[in-house]
Every structure is written in structure tokens, then in C-alpha cells.
Amino acid sequence: MKYPVAVSVNGRAYRREVEARTLLVDFLRDHLGLFGTHVGCETSQCGACLVTLDGLTLKACTRLAVQADGAQVTTLEGLLVDGNLHPVQSALLKECALTCGFCASGVVLAAKECLERKPVAGEDEVRRSLEGVFCRCTGYQPIVDAVRSLAAAPVRDLRDGATAEL
Ligand code: FES
Ligand code: FES
């Protein structure tokens, strides 16, 4: 038996029919073709499947697609605005902070949420925000440095006479 799901993803409305057991992460990938959200463990440990659901950042392998009915979802793809990367993505790129990129969805969305909560987050806060996001390649330090470069932006940009936007 299939159930209807109507959901807004990255500002675009979708209607699909899914089995009750379909995970949100599988829905995004297999039904909507949004492959920026990765499947790692499917047991809520690795964070590769992070998305934002009605403003809450969560692991999409912990939700059923039917639970997202009527919700607004943002995935990694939704952070692009007019072809421009989100500042967190730009900072990671600039610092060469990721290698294989499998963890990108988790890292970017967790860091974004961290900086939205606290624009001048310290190293401990940045590291805490990345708990539950596994990166097998980098040892985390380049990621933390890249995010911290944004956290320091208001101070740096004030000195330069510019305004920081996150
Ligand atoms: S796939 Fe969801 S936390 Fe690993
Ligand atoms: S860059 Fe490869 S898992 Fe993070």
C-alpha cells in the first residue's frame, strides 16, 4: 500500500506516493533525485543524511517520508542561491577542508546551524556542532578552521570596514 506525500523541498513542491517504510533520505534520493543527501549508516550515527525539516536540522534516516508530509525540507542543493555557494560551502572550498565530500551534507548543514545560532562560535562550539557528523578523511581540523574563519568574519570585516553576512 502507498501513501501520498506532499512536501516542499528547496522551495519546490513535490507530490509522490510512497510505501510507509520509505525513509526520508531514500525519498529525497530515489524519488526526487536529490543526491546531495548521502546514505551512510542508516542508523542515525554518521550524519551524512543531514537535512533541515521545518527549520530543524536532523538526520533524514531517522524520519519516514510520510512524516515529512506538509513540511518544508532544505537539502544541500537548496543552499545554492542564484548559482552561488552558501558562505559555509565557500569557506570549506577556500580552505580545502573536505576531500571526498561524502560528509558534506552533514558538515555544511551542521556548521550552518551552528553559525546561525551563534555567529561568533568558538572552536569548542564548532566542534560540538559537528558531533554526530563523521568525516573519515580530514581529521576535522580543516573543517573546524574553515567554519571558524566565518565565525571570526564579523570582527575581521569590521576591521576592513565591511559588513559580514552569513
Ligand atoms: S545515514 Fe543517517 S546518520 Fe548515517
Ligand atoms: S571529506 Fe571524506 S568523509 Fe569527510
Side-chain angles (χ1 to χ4, degrees), residues 3 5 7-10 12 14 16 18-80 84-117 121-153 166:
Y3 297 85
V5 175
V7 63
S8 166
V9 182
N10 302 330
R12 185 171 162 191
Y14 295 89
R16 296 287 188 275
V18 297
E19 293 181 13
R21 63 179 180 164
T22 303
L23 297 175
L24 178 57
V25 66
D26 294 327
F27 177 74
L28 293 169
R29 291 174 60 84
D30 301 340
H31 293 253
L32 305 188
L34 296 169
F35 299 109
T37 309
H38 290 158
V39 184
C41 60
E42 287 193 307
T43 54
S44 189
Q45 295 179 69
C46 74
C49 63
L50 230 57
V51 298
T52 302
L53 182 95
D54 286 340
L56 191 68
T57 304
L58 50 78
K59 293 171 176 172
C61 70
T62 65
R63 288 289 190 286
L64 296 168
V66 290
Q67 290 177 298
D69 186 40
Q72 304 220 3
V73 177
T74 303
T75 69
L76 193 63
E77 291 92 340
L79 301 187
L80 271 184
N84 295 315
L85 295 175
H86 186 276
V88 170
Q89 292 170 302
S90 298
L92 291 166
L93 195 62
K94 189 172 160 212
E95 305 283 335
C96 297
L98 297 179
T99 51
C100 81
F102 190 81
C103 63
S105 187
V107 166
V108 171
L109 284 160
K112 175 177 170 290
E113 185 192 46
C114 173
L115 292 173
E116 283 170 355
R117 229 180 323 110
E123 176 155 349
D124 285 353
E125 285 153 321
V126 172
R127 285 186 176 277
R128 261 202 304 279
S129 75
L130 294 170
E131 282 176 7
V133 176
F134 292 178
C135 176
R136 297 156 183 85
C137 304
T138 67
Y140 296 96
Q141 193 60 51
I143 296 172
V144 172
D145 290 345
V147 178
R148 285 281 298 129
S149 77
L150 286 175
L166 292 180

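Counting convention: from 1, in listed order, for ligands and their atoms alike.
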Close-contact set for ligand 2 against G101 heavy atoms, below 4.0 Å | 1 (S), 2 (Fe)
In terms of atom number and element, which parts of ligand 1 are under 4.0 angstrom from non-hydrogen atoms of C41?
-> 1 (S), 3 (S), 4 (Fe)
Short N/O/S contact of C135 with atom 4 (Fe) of ligand 2 (below 2.8 Å) = yes
Show which atoms of ligand 1 fall inside a sub-4.0 Å distance from at least one heavy-atom site of S44.
-> 3 (S)
To the nearest 0.5 Å, tell me how far E95 CD sits from Q141 CD.
-> 11.0 Å
Backbone or side-chain N/O/S of C46 under 2.8 Å of atom 2 (Fe) of ligand 1 | no
For C137, the ligand 2 atoms whose distance to one of its heavy atoms is below 4.0 Å | 1 (S), 2 (Fe), 3 (S)
For ligand 1, which atoms, with element, lie under 4.0 Å from some heavy atom of G47?
-> 3 (S), 4 (Fe)
Provide, to 0.1 Å, the distance between atom 3 (S) of ligand 2 and the closest protein heavy atom, together with that atom's residue and name.
-> R136 N, 3.3 Å
To which protein heavy atom is atom 1 (S) of ligand 2 closest, and what is the distance rounded to 0.1 Å?
-> T99 N, 3.3 Å
Just jot down the ligand 1 atoms closer than 4.0 angstrom to any heavy atom of C61, in number order.
-> 1 (S), 2 (Fe), 3 (S)
Taking both backbone and side-chain atoms into account, decide whether C100 has an N/O/S atom under 2.8 Å from atom 4 (Fe) of ligand 2.
-> no
Which ligand 1 atoms, with their elements, are less than 4.0 angstrom from a heavy-atom of E42?
-> 1 (S), 4 (Fe)
